[in-house]
2 protein chains.
Amino acid sequence: MNAPQLTRNQALVFDVLEKAEGPLSAYTILDKLRDQGFRAPLQVYRALDKLLEYGVVHRLESINSFVACAHPGEDCHSHGIVAFAICESCGQVIEFHDHEVDHRLMGWVRSQKFKPAKTTIEIRGTCEACAA
Amino acid sequence: MNAPQLTRNQALVFDVLEKAEGPLSAYTILDKLRDQGFRAPLQVYRALDKLLEYGVVHRLESINSFVACAHPGEDCHSHGIVAFAICESCGQVIEFHDHEVDHRLMGWVRSQKFKPAKTTIEIRGTCEACAA
DNA sequence: ATCAATTGCGTTATGCTATAACGTGTGCAA
DNA sequence: TTGCACACGTTATAGCATAACGCAATTGAT
Ligand SMILES: [Zn+2]
Ligand SMILES: [Zn+2]
Ligand SMILES: [Zn+2]
Ligand SMILES: [Zn+2]
């Protein structure tokens with residue numbers, strides 16, 4: 001999915017995510033956009049839905065938060081499953097891909113005749129900088 | 001983590017999960033236990049916390065639900081990362097392990113000096129039976 | 001036996017996450 | 001012009017999770 005011209009709300013939400021140090025919850029985004037006229041969660045969720053569809057934002061299922069894609073222009077989704085390492089101390093997120101992991105998972109999926117729609121890989125832990 | 005004797009509440013929650021066809025949300029579990037005297041979400045969440053700690057129940061992050069471990073007695077967690085395929089049509093969950101996936105992910109983690117605490121792999125899609 | 005610490009439990013209240021439902025306005029194509 | 005698709009705004013509601021309090025039972029020293 002290629003991203004068309006963003007609407008005002010989509011652009012505002014994307015901008016907040018891009019400038020953020022780490023992942024943000026929808027309600028945190030809402031708070032950051034009150035000055036721009038945002039009033040209700042739905043304004044954020046609707047924008048996020050589109051940004052997710054365009055592939056420029058990822059949802060982190062294990063922490064109910066959202067991040068801007070770390071590989072803009074590469075069309076992440078076209079080269080396999082996206083994985084995330086999430087530091088529970090500083091909130092930093094590292095986005096990466098591993099083709100071998102993709103192959104193994106997709107091999108298993110095929111053997112089970114399971115039709116995958118969306119795959120989540122999230123490693124929560126402590127990043128190098130935060131390690132005691 | 002080996003499971004000690006379960007308390008009454010823990011046993012009730014585990015029993016509900018074991019008998020269920022698929023994953024259940026905490027509030028669904030609560031509803032199923034009203035007749036046994038359950039009144040508040042916390043009674044469920046506290047039991048779930050322990051069952052998760054003992055490794056006899058898994059949490060599915062992408063759907064905010066819980067399932068009984070499909071490999072009782074095998075101590076899932078000791079032989080690597082647990083992965084789930086979740087059918088969005090019938091709710092069935094298949095729990096599996098893949099050492100190669102573990103190795104790849106743990107290799108990446110080591111190369112980044114990232115300290116993993118909890119890893120989530122969830123494939124949402126359609127199972128063979130539900131495929132059109 | 002007694003005291004202190006731990007653990008489980010019950011209850012109330014609250015906070016966080018997400019969507020339903022309704023109505024408005026705008027742009028575009030038949 | 002009419003109909004449709006889409007974004008938007010607002011209010012209300014649904015669904016998920018935890019804080020904080022107090023009490024009771026258990027355990028494990030002393
Ligand atoms: Zn990406
Ligand atoms: Zn960190
Ligand atoms: Zn298991
Ligand atoms: Zn199915």
Side-chain angles (χ1 to χ4, degrees), chain A residues 1-17 20 22-54 56-67 86 88 91 118 120 122 124, chain B residues 1-17 20 22-54 56-67 86 88 91 118 120 122 124:
Chain A
M1 178 73 57
N2 232 25
Q5 185 60 30
L6 299 182
T7 66
R8 170 182 153 85
N9 283 6
Q10 290 160 17
L12 284 168
V13 168
F14 182 65
D15 199 53
V16 165
L17 281 175
L24 301 177
S25 77
Y27 279 73
T28 302
I29 296 171
L30 175 57
D31 286 338
K32 287 182 182 292
L33 289 175
R34 298 238 179 240
D35 292 344
Q36 275 66 43
F38 274 49
R39 293 278 165 273
L42 227 62
Q43 296 176 279
V44 177
Y45 281 110
R46 288 204 272 232
L48 285 172
D49 281 346
K50 286 300 181 183
L51 296 171
L52 290 167
E53 183 184 328
Y54 302 152
V56 295
V57 161
H58 298 295
R59 177 191 170 88
L60 302 177
E61 307 281 359
S62 64
I63 57 174
N64 297 319
S65 294
F66 304 84
V67 283
I86 306 166
E88 294 178 304
K118 179 99 205 313
T120 297
E122 295 175 16
R124 294 180 306 297
Chain B
M1 179 74 57
N2 232 25
Q5 185 60 31
L6 299 182
T7 66
R8 171 182 151 83
N9 284 5
Q10 290 161 17
L12 285 168
V13 168
F14 182 65
D15 198 52
V16 164
L17 281 175
L24 301 177
S25 77
Y27 278 72
T28 302
I29 296 170
L30 174 58
D31 286 338
K32 287 182 183 293
L33 290 175
R34 299 242 180 236
D35 293 344
Q36 275 66 29
F38 274 51
R39 293 276 163 276
L42 228 64
Q43 296 175 279
V44 177
Y45 281 110
R46 289 203 272 231
L48 285 172
D49 281 346
K50 285 301 181 182
L51 295 171
L52 290 168
E53 183 184 328
Y54 302 152
V56 296
V57 161
H58 298 296
R59 176 189 169 87
L60 302 176
E61 307 281 358
S62 64
I63 56 174
N64 297 321
S65 295
F66 304 84
V67 285
I86 305 167
E88 293 178 306
K118 178 99 203 315
T120 297
E122 295 175 17
R124 297 184 299 301

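Chain identifiers are assigned alphabetically (A, B, ...) following the order of the sequence lines, protein sequences preceding nucleic acid strands; residue numbering begins at 1 within each chain. The model shown is predicted, which means the values in this text are computed figures rather than measured ones.
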Inset, instruction - Choose from dG10(C), dA17(D), dA18(C) the nucleotide whose nearest atom is closest to any side-chain atom of Tyr45(A). - result: dA18(C)
Legend entry - Distance in angstrom units between Glu61(B) CD and dA18(C) P, rounded: 13 Å
Inset, instruction - Select one nucleotide: of dA7(D), dC9(C), dA18(C), the one nearest the side-chain heavy atoms of Thr7(B). - result: dC9(C)
Legend entry - Gln43(B) vs Asn64(B), nearer the 5' end of DNA chain C by closest nucleotide: Gln43(B)
Legend entry - Separation of dG15(D) P from Ile29(B) CD1 (nearest whole Å): 16 Å
Inset, instruction - List the atom of Leu17(A), the atom of Phe66(A), and the distance in Å for their closest heavy-atom pair. - result: CD2-O, 3.3 Å
Legend entry - Along DNA chain D (nearest heavy atom to each residue), the more 5'-positioned of Gly37(A) and Lys50(A): Lys50(A)
Legend entry - Among dA17(D), dA7(D), dT18(D), the nucleotide that comes nearest once only the side chain of Leu42(B) is considered: dT18(D)
Legend entry - Length of the line joining Ile63(A):CD1 and dC16(C):P, which is rounded to integer Å: 16 Å
Inset, instruction - Indicate, with a heavy-atom threshold strictly under 4.0 Å, whether Ala40(A) touches base, sugar-phosphate, or nothing. - result: base
Inset, instruction - Scan nucleotides 23-28 of chain D nucleotide by nucleotide, 5' to 3', and note B when protein non-hydrogen atoms come under 4.0 Å of the base, S if they reach only the sugar-phosphate, - if neither. - result: ------
Inset, instruction - Return the value, rounded to whole Å, for the distance between atom CZ of Arg59(A) and atom P of dT19(C). - result: 7 Å
Legend entry - Selected nucleotide, minimal atom distance to Asn9(B) side chain, candidates dT17(C), dG10(C), dG8(C): dG10(C)
Inset, instruction - Please report the shortest heavy-atom distance between Glu122(B) and Arg59(B), naming the atom on each side. - result: OE2-O, 3.9 Å
Inset, instruction - Would you state whether a donor and an acceptor, one from the side chain of Tyr27(B) and one from the base of dA14(D), lie under 3.5 Å apart? - result: no
Inset, instruction - For Val57(A) and Val67(A), run side-chain contact (heavy atoms from CB on, under 4.5 Å): C-alpha distance rounded to whole Å, both residues' side-chain angles, the deciding distance at 0.1 Å, then the answer. - result: CA-CA 6 Å; Val57(A) 161; Val67(A) 283; over 6 Å; no
Legend entry - Nucleotide dC9(C), atom P - distance to CD of Gln36(B) in whole Å: 15 Å
Legend entry - Asp49(A) CG to dC6(D) P, straight-line distance once rounded to whole Å: 14 Å
Legend entry - Separation of dC9(C) C1' from Leu30(B) CG (nearest whole Å): 15 Å
Legend entry - Under 3.5 Å: donor-acceptor pair, side chain of Ser65(A), backbone of Ile63(A): yes
Inset, instruction - Could you tell me the separation between the CG atom of Leu6(A) and the CZ atom of Phe14(A), rounded to the nearest 0.5 Å? - result: 7.0 Å
Inset, instruction - Salt-bridge test for Lys118(B) and Glu88(A): reply yes if a basic N is under 4.0 Å from a carboxylate O, no otherwise. - result: no
Legend entry - Candidate nucleotides dC8(D), dT19(C), dG9(D), ranked by approach to the side chain of Pro41(A) - the nearest: dT19(C)
Inset, instruction - Measure the shortest side-chain to side-chain distance between Asp31(A) and Phe38(A) over non-hydrogen atoms and say whether it is less than 4.5 angstrom. - result: no
Inset, instruction - Measure the distance from CG on Leu24(A) to C1' on dT17(C) and round it to the nearest whole Å. - result: 15 Å
Legend entry - Heavy-atom pair with the smallest gap, counting every atom of Ala47(B) and Val13(B): CB-CG2, 3.7 Å
Legend entry - Sugar-phosphate, base or nothing in reach of Arg46(B), heavy atoms under 4.0 Å: base
Inset, instruction - Look at the side chain of Phe66(A) and decide which nucleotide, out of dG9(D), dA18(C), dT18(D), has an atom nearest to it. - result: dA18(C)
